[in-house]
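Atom set for the values below is all heavy atoms of this structure, side chains included, hydrogens, waters and symmetry mates excluded. Owing to the predicted nature of the structure, the values given are computational and were not obtained by experimental measurement.
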Amino acid sequence: VGPLGFGYYARIGWHRATFRPRGIVHSFFWFVIPPTTRILTIYDTFSYADPGRVVHPAARRLYRRLWAAITQTPDVYVAISEAVRRDIHRVFGVPWERIVVAPIGVDTGRFRPSAGARPPAFREDGRRTILHVGHGYKRKGIHLLVEALGRLGAERFRLVRVGPQTDPAYIAAYRARAAELGLDLVECGVVPEDALPSYYAHADLLVFPSADEGAGLPPLEAMASGTNVVASDIPTHREMCGDLAFYASADPSSLAKAIEDALARPRPPEMLRAHAEEHSWARTADVYMRLYKELGVAGIP
């Protein structure tokens with residue numbers, strides 16, 4: 001529906017007023033919940049604005065209606081992790097029995113060790129290549145990663161960033177700090193889907209220091225590629241990565257220690273890949289198929 005601003009809210013209102021599909025609706029978008037919605041998949045709860053915190057009066061009224069639709073319209077809610085299931089119960093007050101978990105998966109056919117040629121950003125000059133995949137805004141903790149690499153000796157590393165440059169001001173700030181520290185920072189932006197596996201496969205380490213995540217797909221993609229992972233110590237990452245990731249709290253010193261530990265004592269690639277193989281999209285699809293069958297969706301045997 002476009003960028004934030006008055007037009008953003010107007011488009012949400014337009015969707016709500018005009019979008020009236022027939023039959024059972026399974027919505028994957030919190031701002032479009034038609035009256036016939038029976039299933040709502042929720043990726044996270046931190047992106048749902050509390051109506052009381054929305055400043056613009058018209059937007060506040062719209063969010064109150066959205067909040068009511070979220071909490072009253074669906075019969076069943078699908079969470080992408082157990083952590084999100086707990087949040088749906090806590091934030092929206094949905095009974096536990098109405099929340100189903102369909103864990104996210106990873107395509108181990110695409111993401112695998114030695115996938116593709118070494119990306120040009122990964123220059124062979126003796127530096128360790130640290131990869132971050134995700135949007136460029138503060139919740140992703142990229143500024144913490146820059147500081148952590150600075151504490152470990154910026155000249156030892158190259159930080160390769162893949163993903164949309166969502167918040168230009170935030171990106172400019174951590175790039176300026178990287179320059180002060182002498183850290184080689186490469187912003188690749190959005191790379192083609194068929195090229196992404198090679199970034200994971202050729203990185204020395206994926207670091208994913210997000211403040212919050214609904215699930216967090218990059219750590220699983222890295223593990224499928226045999227690449228070790230440092231992640232923020234939040235329930236979602238513990239759920240997705242188990243004991244195979246190296247965990248850090250939300251400060252540069254803790255993150256620096258986790259990075260040093262991961263580089264010094266990495267998990268075996270075959271162990272990481274075996275863990276990733278347990279998280280298949282087929283398992284996710286099975287959950288949805290069982291749910292559709294229980295709700296009597298036409299065409300589901």
Side-chain angles (χ1 to χ4, degrees), residues 19 21-34 36-45 47-48 70 73-89 92 94-113 115 133-134 163 192-197 200-201 206 208 210 213-227 229 231 235-242 244-245 270-301:
F19 197 58
R22 297 179 180 179
I24 294 175
V25 172
H26 178 179
S27 179
F28 289 82
F29 303 98
W30 64 269
F31 47 80
V32 184
I33 306 179
T36 53
T37 298
R38 295 192 63 189
I39 310 166
L40 173 63
T41 290
I42 293 182
Y43 301 96
D44 58 65
T45 57
S47 63
Y48 290 70
I70 291 167
T73 303
D75 295 325
V76 180
Y77 298 76
V78 179
I80 64 170
S81 66
E82 288 289 348
V84 173
R85 182 174 184 256
R86 292 192 293 270
D87 287 344
I88 293 171
H89 175 72
F92 299 119
V94 176
W96 290 108
E97 63 271 15
R98 292 173 59 196
I99 311 171
V100 175
V101 178
I104 62 169
V106 60
D107 185 348
T108 55
R110 287 184 61 226
F111 296 97
R112 62 191 191 280
V133 177
E193 283 293 314
D194 59 352
L196 183 58
Y200 286 111
L206 174 83
F208 203 63
S210 303
E213 290 287 343
L217 191 53
L220 283 180
E221 293 174 338
M223 287 182 170
S225 306
T227 298
V229 173
T236 294
H237 290 159
R238 290 279 183 179
E239 181 182 338
M240 293 293 109
C241 302
L244 292 178
E270 60 273 13
M271 186 181 295
L272 298 173
R273 181 152 175 89
H275 177 80
E277 287 173 343
E278 296 175 1
H279 296 74
S280 69
W281 284 117
R283 181 186 62 162
T284 308
D286 285 344
V287 174
Y288 281 119
M289 293 299 283
R290 288 197 302 270
L291 179 58
Y292 294 160
K293 184 177 180 179
E294 290 171 6
L295 293 176
V297 176
I300 303 297

Legend entry - Heavy-atom pair with the smallest gap, counting every atom of Thr41 and Ile80: CG2-CG2, 4.3 Å
Inset, instruction - Mind jotting down which residue pairs meet the salt bridge (Lys or Arg N to Asp or Glu O under 4.0 Å) criterion with at least one end in residues 98-111? Sequence neighbours excluded, please. - result: Arg110-Glu193
Inset, instruction - With sequence neighbours excluded, tell me which residues meet side chain to side chain donor-acceptor pair (under 3.5 Å) with Arg38. - result: Asp75
Legend entry - Residues forming a side chain to side chain contact (heavy atoms under 4.5 Å, CB included) with His89, sequence neighbours excluded: Trp96, Ile99
Legend entry - Val78 vs Ile42 side-chain heavy atoms within contact, under 4.5 Å: no
Legend entry - Nearest-0.5 Å distance that lies between atom CG in Leu295 and atom CD1 in Ile24: 6.0 Å
Inset, instruction - Without swapping roles, check the side chain of His275 against the backbone of Ala224 for a donor-acceptor pair under 3.5 Å. - result: no
Inset, instruction - Look at atom CZ of Phe28 and say whether more than 12 heavy atoms of other residues, nucleotides or ligands are closer to it than 6.0 Å. - result: yes
Legend entry - Which residues share a side chain to side chain donor-acceptor pair (under 3.5 Å) with Tyr292, sequence neighbours left out: His26
Legend entry - All side chain to side chain contact (heavy atoms under 4.5 Å, CB included) counterparts of Thr284, not counting sequence neighbours: Ala102, Trp281, Tyr288
Legend entry - Under 3.5 Å side-chain donor-acceptor pair for Thr236 and Glu239: no
Legend entry - Leu272 and Thr227, any side-chain heavy atoms less than 4.5 Å apart: no
Inset, instruction - Using the test side chain to side chain donor-acceptor pair (under 3.5 Å), find all partners of Glu221 that sit at least two apart in sequence or belong to another chain. - result: Tyr200
Legend entry - Residue pairs involving residues 275-292 (criterion salt bridge (Lys or Arg N to Asp or Glu O under 4.0 Å); sequence neighbours excluded): Arg273-Glu277
Inset, instruction - Would you indicate whether the side-chain heavy atoms of Leu244 and Val229 approach each other to under 4.5 Å? - result: no
Legend entry - Set of side chain to side chain donor-acceptor pair (under 3.5 Å) partners for Tyr77, sequence neighbours left out: none
Inset, instruction - Measure the spacing between CZ of Arg238 and OG of Ser81 and express it to the nearest 0.5 Å. - result: 15.5 Å
Legend entry - Test item: Thr45 and Phe92 side chains (from C-beta on) under 4.5 Å apart, heavy atoms: yes
Legend entry - Nearest-0.5 Å distance, CG of residue Leu217 to OH of residue Tyr43: 11.5 Å
Inset, instruction - Working to the nearest 0.5 Å, report the span between CD1 of Ile104 and OG of Ser280. - result: 12.0 Å
Legend entry - Side chains of Val100 and Val287 in contact at under 4.5 Å (non-hydrogen atoms): yes
Legend entry - Pairwise side-chain contact, Pro103 with His279, heavy-atom cut-off 4.5 Å (strictly under): no
Inset, instruction - List in chain and number order the residues that pass salt bridge (Lys or Arg N to Asp or Glu O under 4.0 Å) with Asp87, two or more places apart in sequence or in another chain; answer none if no residue qualifies. - result: Arg90
Legend entry - Partner set under side chain to side chain contact (heavy atoms under 4.5 Å, CB included) for Glu294, not counting sequence neighbours: Leu291
Inset, instruction - Using the test side chain to side chain contact (heavy atoms under 4.5 Å, CB included), find all partners of Ala115 that sit at least two apart in sequence or belong to another chain. - result: Arg112, Pro197, Ala201
